[in-house]
Amino acid sequence: MTAAQLTLVQIDNYGPWTVTPEPRREMDLQTLQSRLFADLAQYIGNRGGYVFFTRFDNMVAVTNGLDRRDHELLQESVGNRFPVTVSLGVGVDEVPIEALETATERVQAAGSAQSSDRSEAFAGEFLTESADDDVHIAHFDVNDATGKYTDRLNEFDSFINIEHGYASLMKYMREEHGALSFFVGGDNVIAVCPDLTHDEYMGAIDHVADDAGVQLKVGVGSGETPHDAGYAAKHALEDCRYEGTLVEFA
Ligand SMILES: Nc1nc2c(ncn2[C@@H]2O[C@H](COP(=O)(O)OP(=O)(O)OP(=O)(O)O)[C@@H](O)[C@H]2O)c(=O)[nH]1
């Protein structure tokens with residue numbers, strides 16, 4: 001089984017705020033965004049969840065293990081400590097993109113991202129039961145990124161290669177499997193997936209090699225929470241390194 005609980009975190013009325021009463025210093029906005037992400041990562045991560053920064057004004061969290069009360073407290077705490085508030089929508093589905101779609105509709109139904117009337121909207125459903133294979137996480141990594149890029153190219157050209165592979169992977173996984181893939185730094189991409197087979201992961205790796213010329217490998221794990229699944233995936237990725245394989249399951 002798979003039951004992904006996805007939470008959309010959207011900063012309320014952020015666009016207007018960034019230019020009121022006049023445009024705010026860009027590095028101040030970057031500081032705010034990264035601190036908000038860091039706080040969410042700590043709060044959600046301490047409860048076994050994962051959060052991804054995506055566009056920073058909108059962030060996507062996998063919140064299996066967090067209930068309604070956890071979400072309410074998160075929203076209240078952000079509102080108390082930051083000059084902005086966040087709206088939250090939560091959805092549950094076997095297919096991650098469907099859960100996120102539902103979560104998003106709930107936030108959108110409460111008002112526009114740029115409406116001063118919408119503040120701290122909160123709507124969603126929460127898993128009431130859990131199983132040890134609810135969440136499937138795939139941890140993708142570029143083969144020998146250090147030798148191919150980091151130790152040979154300037155940082156910008158390394159970045160272009162990694163981002164090209166990421167763009168190809170995220171689109172393929174979204175379209176073929178309804179999976180959500182997020183760049184998490186270095187040469188790493190973490191994907192929240194339905195229950196996929198070895199061949200389906202090989203299909204993704206082959207596609208990215210053909211399409212972007214980037215060679216990936218992937219470790220896959222499942223668990224009751226994103227942390228459990230993601231941690232198992234990291235071990236599986238170590239197995240790839242050890243065995244010289246491209247796909248390993250924990
Ligand atoms: N977010 C995240 N980043 C990681 C992780 N492991 C490595 N990285 C990042 O990835 C970069 C490259 O490290 P590796 O992937 O180990 O190196 P590599 O040269 O690709 O070597 P192989 O993966 O063994 O082929 C590091 O500098 C980190 O930035 C991880 O578990 N999570």
Side-chain angles (χ1 to χ4, degrees), residues 1-11 33-71 73-75 77-78 86 88-104 107 124-127 130-141 166 169-170 173-174 177-196 201 204 218-238 249-250:
M1 256 309 282
T2 304
Q5 180 179 298
L6 270 289
T7 301
L8 172 68
V9 180
Q10 187 173 85
I11 303 180
Q33 291 171 194
S34 51
R35 286 205 173 132
L36 179 57
F37 171 68
D39 270 33
L40 294 177
Q42 189 169 37
Y43 184 96
I44 292 169
N46 282 344
R47 289 159 179 78
Y50 270 12
V51 60
F52 301 99
F53 48 77
T54 47
R55 291 189 292 148
F56 285 103
D57 57 350
N58 287 259
M59 290 175 270
V60 174
V62 190
T63 53
N64 294 62
L66 281 81
D67 62 12
R68 179 175 296 277
R69 183 71 196 123
D70 292 324
H71 282 74
L73 195 57
L74 168 70
Q75 195 172 43
S77 182
V78 168
V86 293
L88 303 175
V90 190
V92 173
D93 201 281
E94 265 181 57
V95 182
I97 191 69
E98 299 301 335
L100 181 62
E101 188 73 39
T102 306
T104 306
V107 171
E125 61 189 316
F126 298 84
L127 278 168
S130 63
D132 60 9
D133 57 353
D134 275 343
V135 185
H136 300 271
I137 297 276
H139 195 131
F140 288 89
D141 175 281
Y166 169 45
L169 179 69
M170 76 194 302
M173 293 296 284
R174 159 69 182 94
H177 303 303
L180 310 176
S181 310
F182 302 95
F183 180 63
V184 294
D187 63 345
N188 285 234
V189 173
I190 292 179
V192 188
C193 300
D195 196 0
L196 302 178
Y201 283 112
V218 63
V220 185
S222 51
E224 191 173 350
T225 66
H227 167 74
D228 292 341
Y231 204 63
K234 281 173 184 258
H235 280 293
L237 191 60
E238 288 303 307
F249 287 79

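FYI, the numbering just counts along the sequence from 1.
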Other residues, nucleotides, ligands: >12 heavy atoms within 6.0 Å of Glu125 CD: yes

Counting only N and O atoms by type, is there a donor-acceptor contact under 3.5 Å from the side chain of Arg68 to the main-chain atoms of Gly124? yes

Where do Leu40 and Val78 come nearest, in terms of heavy atoms and distance? CD2-CG2, 4.4 Å

From Ile190 CD1 over to Lys234 NZ, what is the distance, rounded to the nearest 0.5 angstrom? 6.0 Å

Distance alone, cut at 3.5 Å: any donor-acceptor contact between the side chains of Gln5 and Asn64? no

Just by modelled atom types, is the Leu36 backbone N or O under 3.5 Å from a matching donor or acceptor in the Asp39 side chain? no

Minimum heavy-atom distance Ser34-Phe56, with the two atoms named: CA-CE2, 4.4 Å

Classify the ring geometry of Phe182 against Phe52: parallel below 30°, tilted from 30° to 60°, perpendicular beyond 60°. parallel

Shortest non-hydrogen separation from Met59 to Thr54 and the atoms involved: CA-OG1, 3.3 Å

How close do Cys193 and Pro96 get, counting heavy atoms only, and between which atoms? C-CG, 3.8 Å

Side-chain contact test, heavy atoms from C-beta onward, threshold under 4.5 Å: evaluate it for Val135 versus Thr225 and give yes or no. no

Taking the side chain as every heavy atom from C-beta outward, state whether Val189 and Met170 have any pair of such atoms under 4.5 Å apart. no

Does Tyr231 OH have over 12 foreign heavy atoms under 6.0 Å away? no

